[in-house]
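Below is one structure, written out as structure tokens, with a few remarks after it.
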Amino acid sequence: MKETMTRLAKAGYAVHGIDYEGHGKSSGLQAYIPSFDALIDDCLDHFTSICERVENKKKQRFLFGASMGGAVALLLHLKRPTFWNGAILVAPMCKIAEEIKPHPIVINILQMLCKIIPTWKIIPTKKDMVDIAIKMPEKRQEALANRYCYLGKLRLKTGNELLMVSLEVEKNLSKVSLPFLIIHGGDDMVINPSVSQSLYDSALSTDKTFKLYPGMWHALTFGESKENIDLVFSDIVSWLDNRATMIDSRSESEWKAKHDDDKFLLASSHD
């Protein structure tokens with residue numbers, strides 16, 4: 001996250017992020033999401049308050065979300081469809097691949113258990129998430145050394161919330177109307193690239209771009225070689241610059257063409 005914010009800030013964008021409840025430096029039981037709706041409301045309140053400051057009111061507003069943060073960005077857009085000027089989605093969690101979608105009976109059992117033992121660390125992740133998300137060994141060590149990086153099994157309620165929100169976002173892909181850029185690693189073992197393809201194919205947006213990077217993994221803004229990361233951010237900044245300087249009337253859902261000089265606001269959410 002730090003590298004993302006630094007690179008975008010150096011490109012001239014004001015970057016604002018948030019640690020979800022139970023994540024990073026925020027309070028709450030670590031890696032516990034009792035309600036994804038509450039998480040979205042927290043993000044919406046936080047980013048809206050920043051956007052509505054006097055110095056920011058004329059600036060364009062772009063969402064940035066990676067993995068689970070991609071689902072957050074999409075839900076923020078769906079909450080206020082005309083408020084955001086665009087979104088950058090990095091391997092977004094926006095659908096469950098058909099081959100791993102649980103049977104409805106399994107979902108019902110999971111929901112019943114959540115009422116009894118919601119915080120239980122029971123749901124196994126696919127191998128070690130760090131090992132399959134981050135390609136470069138030195139980057140893996142950096143992630144493992146981060147005391148804010150949760151490495152345990154998913155808590156029961158957290159897993160259920162992630163499942164439910166993935167299904168909810170999937171049902172609403174056709175309602176996505178803002179300009180967006182999806183970037184996804186071709187060898188992503190955490191979220192299948194077909195998920196991003198589904199978003200691209202289903203979205204109502206007329207200004208939409210999907211970039212697939214062969215050979216890259218899930219954490220393609222952090223866990224790749226410097227050359228690969230430079231390429232990814234070059235594409236991100238180019239996409240932002242092109243849209244941040246638009247002054248014509250071509251738009252998605254009445255997004256503002258006016259902007260304040262060359263400074264723009266970017267709201268960032270990450271998993």
Side-chain angles (χ1 to χ4, degrees), residues 1-18 43 47 50-51 55-56 58-70 72-74 76-77 83-92 94 133-136 139 142 176 178-186 188 191 193 196 199-200 203 205-248 250-252 255-271:
M1 184 62 174
K2 180 180 178 181
E3 182 165 1
T4 296
M5 298 182 78
T6 300
R7 283 177 177 259
L8 293 174
K10 286 182 177 179
Y13 292 85
V15 186
H16 299 268
I18 185 172
C43 291
F47 292 136
I50 294 170
C51 293
E55 66 272 22
N56 291 330
K58 293 184 179 180
K59 296 177 181 178
Q60 296 189 44
R61 301 176 286 267
F62 295 93
L63 292 162
F64 184 105
S67 198
M68 186 180 86
V72 172
L74 288 170
L76 289 173
H77 159 57
F83 187 72
W84 313 100
N85 299 113
I88 297 164
L89 306 168
V90 183
C94 57
I134 300 174
K135 188 173 184 179
M136 303 303 291
K139 295 285 188 174
E142 186 177 337
V176 174
L178 83 173
F180 65 77
L181 166 67
I182 304 171
I183 61 174
H184 210 127
D188 191 334
I191 296 177
S196 287
L199 169 58
Y200 178 81
S205 309
T206 56
D207 180 0
K208 52 185 177 180
T209 304
F210 177 26
K211 285 188 172 289
L212 187 66
Y213 298 87
M216 293 196 197
W217 289 16
H218 184 65
L220 66 173
T221 58
F222 166 75
E224 294 286 330
S225 65
K226 182 179 182 304
E227 293 75 19
N228 282 351
I229 294 174
D230 286 344
L231 172 62
V232 168
F233 275 102
S234 175
D235 289 340
I236 290 173
V237 172
S238 176
W239 186 90
L240 278 170
D241 288 347
N242 287 337
R243 278 132 195 96
T245 55
M246 282 181 178
I247 57 173
D248 58 39
R250 182 169 60 89
S251 64
E252 306 286 344
W255 67 292
K256 294 181 180 179
K258 292 183 179 180
H259 53 273
D260 183 20
D261 298 325
D262 60 347
K263 297 180 180 179
F264 306 91
L265 185 71
L266 183 131
S268 175
S269 59
H270 215 273
D271 67 340

Q) Trp84 side chain to Leu76 main-chain N or O, any donor-acceptor pair under 3.5 Å? A) yes

For Trp239 and Ala87 the tightest heavy-atom approach is CH2-O, 3.7 Å

- Any donor and acceptor pair, going by atom type alone, linking the side chain of Asp188 with main-chain N or O of Ile191 inside 3.5 Å? yes

Heavy-atom closest pair (Leu63 atom, His77 atom, distance to 0.1 Å) is CD1-N, 4.2 Å

Sorted by chain and residue number, the side chain to side chain contact (heavy atoms under 4.5 Å, CB included) partners of Val232 (sequence neighbours excluded) come out as Ile183, Tyr213, Met216, Leu220, Thr221, Ile236

Sorted by chain and residue number, the side chain to side chain contact (heavy atoms under 4.5 Å, CB included) partners of Thr6 (sequence neighbours excluded) come out as Lys2, Lys10

Next on the checklist: Within the 4.5 Å heavy-atom criterion, are Val90 and Phe64 side-chain neighbours or not?
Outcome noted: yes

Glu224 side chain to Trp217 backbone, donor-acceptor under 3.5 Å: yes

| Is there a side-chain contact between Phe47 and Ile18 (heavy atoms, below 4.5 Å)? | yes

Gly70 and Pro92 have their tightest heavy-atom pair at CA-CB, 4.0 Å

Here the gap from Leu178 atom CG to Phe83 atom CZ, rounded to the nearest 0.5 Å, amounts to 12.5 Å

d(Phe233 CZ, Leu8 CG) to nearest 0.5 Å is 6.0 Å

Closest heavy-atom pair, Ala244 versus Tyr13, reported as atoms and distance to 0.1 Å, is CB-OH, 3.8 Å

side-chain contact (heavy atoms from CB on, under 4.5 Å) with Asn85: of Arg61, Lys59, Arg243, only one passes, and it is Arg61

Strictly distance-based, threshold 3.5 Å: is any side-chain N or O of Ser205 a donor or acceptor partner for the main-chain N or O of Pro179?
no

The side chain to side chain contact (heavy atoms under 4.5 Å, CB included) partners of Ala133 (sequence neighbours excluded) come to Val190, His218

Shortest non-hydrogen pair, His184 vs Ser196, comes out as ND1-OG, 2.6 Å

Residues at least two apart in sequence or cross-chain that pass salt bridge (Lys or Arg N to Asp or Glu O under 4.0 Å) with Asp235, listed by chain then number, are none

Hits for side chain to side chain contact (heavy atoms under 4.5 Å, CB included) against Lys139, two or more places apart or cross-chain, chain-then-number order -> Glu3, Ile134, Met136, Glu142, Phe222, Ile229

So CD1 of Ile182 and CD1 of Ile88: to nearest 0.5 Å the spacing works out to 12.0 Å

**Study point:** Polar side-chain atom of Lys135 near backbone of Gly215 as donor-acceptor pair, under 3.5 Å
**Key:** yes

Check your understanding: Mind checking whether Tyr200 and Phe210 have parallel, tilted or perpendicular rings, split at 30° and 60°?
Key -> tilted

